[in-house]
Enquirer: 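First, the structure itself, so that you have it in front of you.
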Amino acid sequence: MIAAITPSHCQGSVQIPPSKSMAHRAIIAASLANGCSHITNIDLSDDIHATIEGMRQLGAQITVHEKEVVVKGIRDFHQLKTKKIFCNESGSTLRFFIPIFSLCDQEVHFVGKGRLLQRPQSVYETIFHSQGLRFDHQPDQIIIDHCLQPGIYEVDGNISSQFITGLLFALPLLNEDSIIKIKPPFESRSYIDLTLQMLQQFSITAAFVDEWTIAIKGNQIYQANDVYVEGDFSQLAFFAVLAAIQGDLSITGISSNSKQGDQQILSILRDFHASIEEIENGFLVHQAELQGCSIDLNNCPDLGPILFVLAAMAKGTTHIYNAGRLRIKESDRIAAMECELKKFGVDIHSTEEEIWIIGNPDGYHCDQILHGHNDHRIVMAMTIMTLVNHDVCSIEGAQAIRKSYPSFFEDVQKLQGKVELL
């Protein structure tokens with residue numbers, strides 16, 4: 001799909017979709033629980049479909065409605081319907097599933113597409129091999145065999161918090177207590193806080209005993225619960241940046257009490273001199289004379305692509321650091337954004353983990369076709385970049401938005417943004 005974007009003055013109000021991170025966690029926890037759970041305010045993106053279908057193969061009964069899923073939990077981990085589990089392009093799905101599916105105590109094959117199987121899995125490989133279990137990471141699949149055992153788990157904290165979350169789902173179901181020791185530096189801790197919050201909602205006890213250690217009781221039972229999925233700050237970021245550059249927007253469907261690390265977008269925008277008002281069920285973001293500054297991506301890597309756009313449209317130099325994990329996402333997001341922004345003439349350069357952008361608040365011209373790099377966040381970031389600049393641009397591979405935000409272009413159009421899908 002090609003999206004032709006015409007520079008537009010957007011205005012009005014947009015409701016942010018539910019958090020993909022929290023939806024994954026709610027569906028998995030409900031699938032592991034005794035009884036029936038209702039998960040409401042669900043956006044059925046490709047990633048969420050992958051998690052739903054995987055838990056069905058594990059034995060959960062999941063009925064999908066327009067904005068709700070009804071989940072009857074797994075009764076027996078020995079009733080696996082198929083040994084081949086398709087995770088599409090969802091890193092969360094794959095990394096959350098691996099420890100959970102080990103509970104089946106049999107050979108399981110995980111497959112996907114895109115860059116999914118190129119993404120690092122060394123944390124699990126080390127854990128499985130240390131317990132004498134099979135973990136075979138091949139170019140086209142990952143094969144595991146046998147069940148993880150309770151005990152002490154040492155996990156690197158600077159690769160992905162998703163490994164810790166995967167363990168947190170599975171370890172409470174083992175027959176003895178376990179401990180996760182996280183080796184510093186510990187990045188994206190906010191995602192672990194989200195996992196612990198969701199586990200608590202399903203009656204599972206796990207908690208930090210110090211900054212680097214999580215204690216998990218064994219022999220626990222997930223209890224069914226009804227969950228309303230909160231709005232997604234990583235998606236709010238695209239519209240908040242649009243508003244700060246171009247004109248005021250009301251952004252609703254979001255909670256100011258959220259534990260999402262991507263809530264940091266609000267403080268980052270304020271650092272750029274944007275003005276943000278809290279309103280009922282959301283925020284009003286005002287247009288501002290933006291000033292570049294330094295941004296630490298340690299706890300909010302998913303904000304990376306849209307922050308490149310923010311920096312490009314701000315006065316002065318922006319320095320983005322602790323950004324190395326952007327290179328191991330659906331695309332190498334540093335290289336992808338550098339490639340696409342240079343088509344606009346943006347002054348940008350990078351190292352492995354840092355980026356410097358000298359912005360131009362007067363805007364840019366572009367006469368080249370843009371590429372989505374098979375990455376939803378690149379497509380959305382370049383949509384915002386085109387809306388606030390001077391030329392019509394086409395983005396190839398725009399269907400990548402289906403991974404996380406299928407209605408993104410519709411929401412842009414509701415704000416009077418001109419988008420034509422070809």
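Count residues from 1 along the sequence.
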Enquirer: Which atoms form the tightest heavy-atom contact between Ile48 and Ile42, and what is the distance?
Expert: CG2-CG2, 4.4 Å
Enquirer: Decide side-chain contact (heavy atoms from CB on, under 4.5 Å) for Asn88 and His49; before the verdict, give the C-alpha distance in whole Å, the side-chain angles of both, and the deciding distance to 0.1 Å.
Expert: CA-CA 9 Å; Asn88 206 334; His49 275 298; over 6 Å; no
Enquirer: Taking atom CD1 as the centre, does Ile279 end up with more than 12 heavy-atom neighbours from other residues, nucleotides or ligands that are less than 6.0 angstrom away?
Expert: yes
Enquirer: Out of Cys87, Ser161, Ser160, which residue meets the side chain to side chain contact (heavy atoms under 4.5 Å, CB included) rule with Arg95?
Expert: Ser160
Enquirer: Determine, step by step, whether Ile192 and Ile214 satisfy the side-chain contact (heavy atoms from CB on, under 4.5 Å) criterion, reporting the C-alpha distance in whole Å, the side-chain angles of both residues, the deciding distance to 0.1 Å, and the verdict.
Expert: CA-CA 10 Å; Ile192 303 307; Ile214 306 173; 3.9 Å; yes
Enquirer: Is there a side-chain contact between Trp356 and Asp347 in this structure, where contact means two heavy atoms from C-beta onward sitting under 4.5 Å apart?
Expert: no
Enquirer: Go through the side-chain N and O atoms of Gln141 and His109 and say whether any donor and acceptor fall under 3.5 Å apart.
Expert: yes
Enquirer: Rounded to the nearest 0.5 Å, what separation is found between the OG atom of Ser188 and the CG atom of Asn298?
Expert: 6.5 Å
Enquirer: Show, in sequence, the C-alpha distance, side-chain angles and deciding distance for Tyr405 and Asp411, and conclude whether the side chain to side chain donor-acceptor pair (under 3.5 Å) test is met.
Expert: CA-CA 10 Å; Tyr405 193 168; Asp411 286 347; 2.5 Å; yes
Enquirer: Ion pair present between Arg333 and Asp375, side-chain N to carboxylate O less than 4.0 angstrom?
Expert: yes
Enquirer: Please state whether the rings of Phe344 and Tyr364 are parallel, tilted or perpendicular, taking 30° and 60° as the class boundaries.
Expert: perpendicular
Enquirer: Can you check side chain to side chain donor-acceptor pair (under 3.5 Å) on Glu338 and Ser350, steps first, answer last?
Expert: CA-CA 8 Å; Glu338 190 166 358; Ser350 65; 2.7 Å; yes
Enquirer: Taking atom OG of Ser267 and atom CZ of Phe272, what is their separation to the nearest 0.5 Å?
Expert: 11.0 Å
Enquirer: Heavy-atom count around Arg75 CZ within 6.0 Å, excluding the residue itself: above 12?
Expert: no
Enquirer: More than 12 foreign heavy atoms under 6.0 Å from CD of Glu289: is that the case here?
Expert: no
Enquirer: Under 6.0 Å from the CG atom of Leu421, do we count more than 12 heavy atoms belonging to anything else shown?
Expert: yes
Enquirer: Taking NZ, NE, NH1 and NH2 as the nitrogens, is one of them in Lys20 or Asp232 under 4.0 Å from a carboxylate oxygen of the other?
Expert: no
Enquirer: Can you give me the closest heavy-atom contact between Ser331 and His373, atom names plus distance?
Expert: CB-O, 3.6 Å
Enquirer: For Thr51 versus Ile27, what's the shortest heavy-atom pair and its separation?
Expert: CG2-CG2, 4.0 Å
Enquirer: Determine whether Ser102 and Phe128 make a side-chain contact, defined as any pair of heavy atoms from C-beta on separated by less than 4.5 Å.
Expert: yes
Enquirer: Do Leu148 and Tyr153 come close enough that some side-chain heavy atom pair is under 4.5 Å?
Expert: yes
Enquirer: Please report the shortest heavy-atom distance between Ser19 and Val229, naming the atom on each side.
Expert: O-CG1, 3.4 Å
Enquirer: Going through the distances and angles, do Val241 and Val388 end up as a side-chain contact (heavy atoms from CB on, under 4.5 Å)?
Expert: CA-CA 10 Å; Val241 168; Val388 300; over 6 Å; no
Enquirer: Answer yes or no: is there a side-chain heavy-atom contact under 4.5 Å between Lys183 and Val155?
Expert: no
Enquirer: Look up atom OG in Ser255 and atom CD in Gln260, then write down how far apart they are to the nearest 0.5 Å.
Expert: 9.0 Å
Enquirer: Could you measure the distance from the CE atom of Met55 to the OG1 atom of Thr93? Nearest 0.5 Å is fine.
Expert: 10.5 Å
Enquirer: Could you check if a side-chain atom of Cys36 sits within less than 4.5 angstrom of a side-chain atom of His38, using non-hydrogen atoms only?
Expert: yes
Enquirer: Could you check whether Lys259 pairs with Asp193 (Lys NZ or Arg NE/NH1/NH2 to Asp/Glu carboxylate O, under 4.0 Å)?
Expert: no
Enquirer: Just by modelled atom types, is the Ser8 backbone N or O under 3.5 Å from a matching donor or acceptor in the Gln246 side chain?
Expert: yes
Enquirer: So which atom in Leu168 and which in Ala206 form the shortest heavy-atom distance, rounded to 0.1 Å?
Expert: CD2-CB, 4.2 Å
Enquirer: If you define the side chain from C-beta out and look only at heavy atoms, does anything of Leu307 sit under 4.5 Å from Leu297?
Expert: yes
Enquirer: According to the interplanar angle, ranging from 0 to 90°, do the rings of Phe208 and Phe186 count as parallel (below 30°), tilted (30 to 60°) or perpendicular (above 60°)?
Expert: tilted
Enquirer: Kindly determine whether Asp226 and Thr40 satisfy side-chain contact (heavy atoms from CB on, under 4.5 Å), including the steps that lead there.
Expert: CA-CA 8 Å; Asp226 294 342; Thr40 53; over 6 Å; no
Enquirer: Test: side-chain hydrogen bond (donor to acceptor under 3.5 Å, both in side chains). Region: residues 114-124. Which pairs qualify, not counting sequence neighbours?
Expert: none
Enquirer: Just to verify, which of Lys403, Glu89, Lys113, Glu330 counts as forming a side chain to side chain contact (heavy atoms under 4.5 Å, CB included) with Asn374?
Expert: Glu89
Enquirer: Taking the six-membered ring for Trp, is the centroid-to-centroid distance between Phe101 and Phe110 below 6.0 Å?
Expert: yes
Enquirer: Any side-chain heavy atom of Phe202 sitting closer than 4.5 Å to one from Gln223?
Expert: no
Enquirer: Does the side chain of Phe169 come within less than 4.5 Å of Pro99's, by heavy atoms?
Expert: no
Enquirer: What pairs with Arg402 under salt bridge (Lys or Arg N to Asp or Glu O under 4.0 Å), at least two apart in sequence or on another chain?
Expert: none
Enquirer: Can a side-chain donor-acceptor contact be found between His286 and Glu277 if the only test is distance below 3.5 angstrom?
Expert: yes
Enquirer: Taking atom NZ of Lys343 as the centre, does the number of heavy atoms from other residues, nucleotides or ligands within less than 6.0 Å exceed 12?
Expert: yes
Enquirer: Closest heavy-atom contact between Met380 and Ile401?
Expert: CG-CG2, 3.9 Å
Enquirer: If you round to the nearest 0.5 Å, how far is NZ of Lys418 from CD of Gln413?
Expert: 12.0 Å
Enquirer: I need the Ile142 CD1 to His137 NE2 distance, nearest 0.5 Å.
Expert: 4.0 Å
Enquirer: Test your reading of the model: is there a side-chain donor-acceptor pair from Asp391 to the backbone of Cys366, 3.5 Å cut-off?
Expert: yes
Enquirer: Is it true that atom CD of Gln200 has more than 12 heavy atoms of other residues, nucleotides or ligands lying nearer than 6.0 Å?
Expert: no
